[in-house]
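The next block holds one structure in the form of structure tokens; read it before the comments.
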Number of protein chains: 2
Amino acid sequence: MTVKMKDIASALGVSMVTVSKALNNHPDISKKTRERVNAKVKELGYRPNLTARSLSTGRSSLVGLIVPDLANPFFCEIAKGLSKTLREQSYFVVVSSSEEDPMLEEQEIDNILAHRLDALVVASCQLSAEAFRNTRFGDTPLIFVDRAFEGLAHFVGCDDYAAGKMAAEHLLSVRCKRIAHIRGPQNSTGIRRLKGFMDTMTKNGVDVPSEYVVQALSVDVDGRNQGAEALKRLMSLQRPPDGIFCYNDILATGVIVQADKQGVRIPEDLAIIGCGNLHFDDVIQVPLSTVDQRSREIGSRTAKLILELVATDEDAPKKIRKIVLQPRLVIRASTDRSFRKR
Amino acid sequence: MTVKMKDIASALGVSMVTVSKALNNHPDISKKTRERVNAKVKELGYRPNLTARSLSTGRSSLVGLIVPDLANPFFCEIAKGLSKTLREQSYFVVVSSSEEDPMLEEQEIDNILAHRLDALVVASCQLSAEAFRNTRFGDTPLIFVDRAFEGLAHFVGCDDYAAGKMAAEHLLSVRCKRIAHIRGPQNSTGIRRLKGFMDTMTKNGVDVPSEYVVQALSVDVDGRNQGAEALKRLMSLQRPPDGIFCYNDILATGVIVQADKQGVRIPEDLAIIGCGNLHFDDVIQVPLSTVDQRSREIGSRTAKLILELVATDEDAPKKIRKIVLQPRLVIRASTDRSFRKR
DNA sequence: TTGAAAGCGCTACCAA
DNA sequence: TTGGTAGCGCTTTCAA
């Protein structure tokens, strides 16, 4: 049916080896032969079978990506950045969504590895590194994005401690006095953003009572509801907060919607800052101040790292790479309380 | 390095064939042998090499997906629905974004086909079927989603004529008198939504002057800017419209933002309805009325279609399948002019 | 500069 | 119920 290398070879009266070398730009093929091969390839509409190539070279030109929620703009951007940069080298991205379910994530990792990827990128929702210790990655390089597990594999993400600090400082700068945090999962991002936030509060002599730190049970798939629930709880306190740092923008969006329902004015009664900088943050009911995590760049940097990894010699000494991007503060209406300063 | 089937076989003192059959649940393997094999597989941490399997079976367990913009929630949802349903059969989705560039799309299709996918799903940004006639798909089934090319391949999408009609009827029902349309590309979706809209206007005796139909040059990647530009143009007309049907929600979002800038009140001065029902439509500055295109379902229905296609015999008579979902009207604040009725 | 042969890991056919 | 053998389509020595 489909035309294969053999067909090109016999049509040209040369061997398969010659065709193969010509196609792979091997130096020891004459220009003339190469041209003849290329012409025939076009004529017959030949397309190399990457599966076969993959089997013999051990390279698949495929990179896996597993994220908690494929519909979350933050992870979409990572996927897009990754795919865009990788495409230049004819790589494709195989995706899967773990739905924030650690078990499902583990299972998907196991399944996707069977495809002999050249690298696997995971924004993990595991709370411990256990799952990764049990999994056999073979020689597939693993790259964590966004969420880190120290020392286990490569990492590309943003400085979460700095993000927490930045958000905290910003809320203080707009004169918030009672500052709460809707925190994320017990993983690197959740813990570091919390720590950056808390340390900054302490440093500035601002007390954060324990009831001001609310744990969200889901931050992506069910993030909006969780944000709304957290706000209800915070506003029912004797002394409700006047500023909230949300672990991510999905939660923050839920908070904003719920605030409107309860008649809590943003930013007058309550300043809100999130984390992520999703592509619709600027158009929501109250444009959301946030800490930009540079998601697109996480994707492209990861892609570059992968290209480096596959380019270096198989047996070259491998050390774990760690790429940490600095977050950026993006101020919008949800914390714009400049009127109070006056 | 990695353990392969041969290792299992020799460890057990049986042949590779036996192991292979046991793993694939072949009927002619004794229960006992199967159990022994499974135990050894677990013990050694064996994982079948799908590349090798793919080469010998001709099946890759991979489905390709090419969309105009991976960061657009509409296409994300399709990807998610597709991936979620396919995963149950251990299929994975390979993605690529064409960036609304027909040339790039054609090139990506060509590249991705080299991976011998079991099916290729495309939300095409081509304006003609030319590109598809030139491409050799081999025996890879092609499924168009969202945008159709009649008779060329399978299709899963929504009834765009009905969508246009629905939007038009809704704008009429909220007493709009001067109704404009920011139209999309010259493809099936753009043309049918326009036609559904126009026919409905005509049927209701409402004239739509040609300057009320504005063509957006980009609807996804640069959709928001295009929406804003279109609004500027429409509002500068002698007789600006009091209702706009936007080809999609990205454009509509741009319109809403621009309206705010220009002091045009929505929905009081101008009612806006979009198309798509993106997951953040309900939280934007003015919650957006829209025609739900059931994107997630497009994904899952496509997945089911693919599973059917791969299940049916290779040489079975193949007829082109066409799955058309009915859109649904979702009313939100951007067209809520009920106050005028009173 | 070109090519013959071996092999990548697995499945399928047919025989035992 | 089990296994030998021959591929799947390509790349990679090594020899010519």
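Lettering follows sequence order; numbering is per chain, from 1. Note that these values count all heavy atoms, side chains included, but never hydrogens, waters or copies made by symmetry.
By the side chain to side chain contact (heavy atoms under 4.5 Å, CB included) test, B:Q107 pairs with B:L104, B:N111, sequence neighbours left out.
The distance from atom NZ of A:K322 to atom CG of A:L305, rounded to the nearest 0.5 Å, is 14.0 Å.
Taking atom CD1 of B:I8 as the reference point, atom C1' of C:dT11 lies 16 Å away to the nearest angstrom. Counting to the nearest Å, the C1' atom of D:dT1 and the CZ atom of B:R36 are 13 Å from each other.
Sorted by first then second residue, the ring-ring contact (aromatic ring centres under 6.0 Å, His included) pairs that include residues 94-146 of chain B, not counting sequence neighbours, are A:F92-B:H115, B:F132-B:F144, B:F132-B:F149, B:F144-B:F149.
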How does protein reach along nucleotides 8-16 of chain D, written 5' to 3' as B (base within reach of a heavy atom under 4.0 Å), S (only sugar-phosphate), or - (no contact)?
BBBBB----
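In this structure, B:S54 reaches neither bases nor backbone, as no heavy-atom distance under 4.0 Å exists between it and the strands shown.
Heavy-atom contacts from other residues, nucleotides or ligands closer than 6.0 Å to CZ of B:R294 number more than 12.
Although no hydrogens or angles enter the test, the distance criterion places a donor-acceptor pair under 3.5 Å between the side chain of A:T57 and the main chain of A:R53.
Salt-bridge annotation for B:D220 and B:R147: present, with a side-chain N of the basic residue lying under 4.0 Å from a carboxylate O of the acidic one.
At the phosphate of C:dT2, neither OP1 nor OP2 sits under 4.0 Å from any side-chain N or O atom of A:T18.
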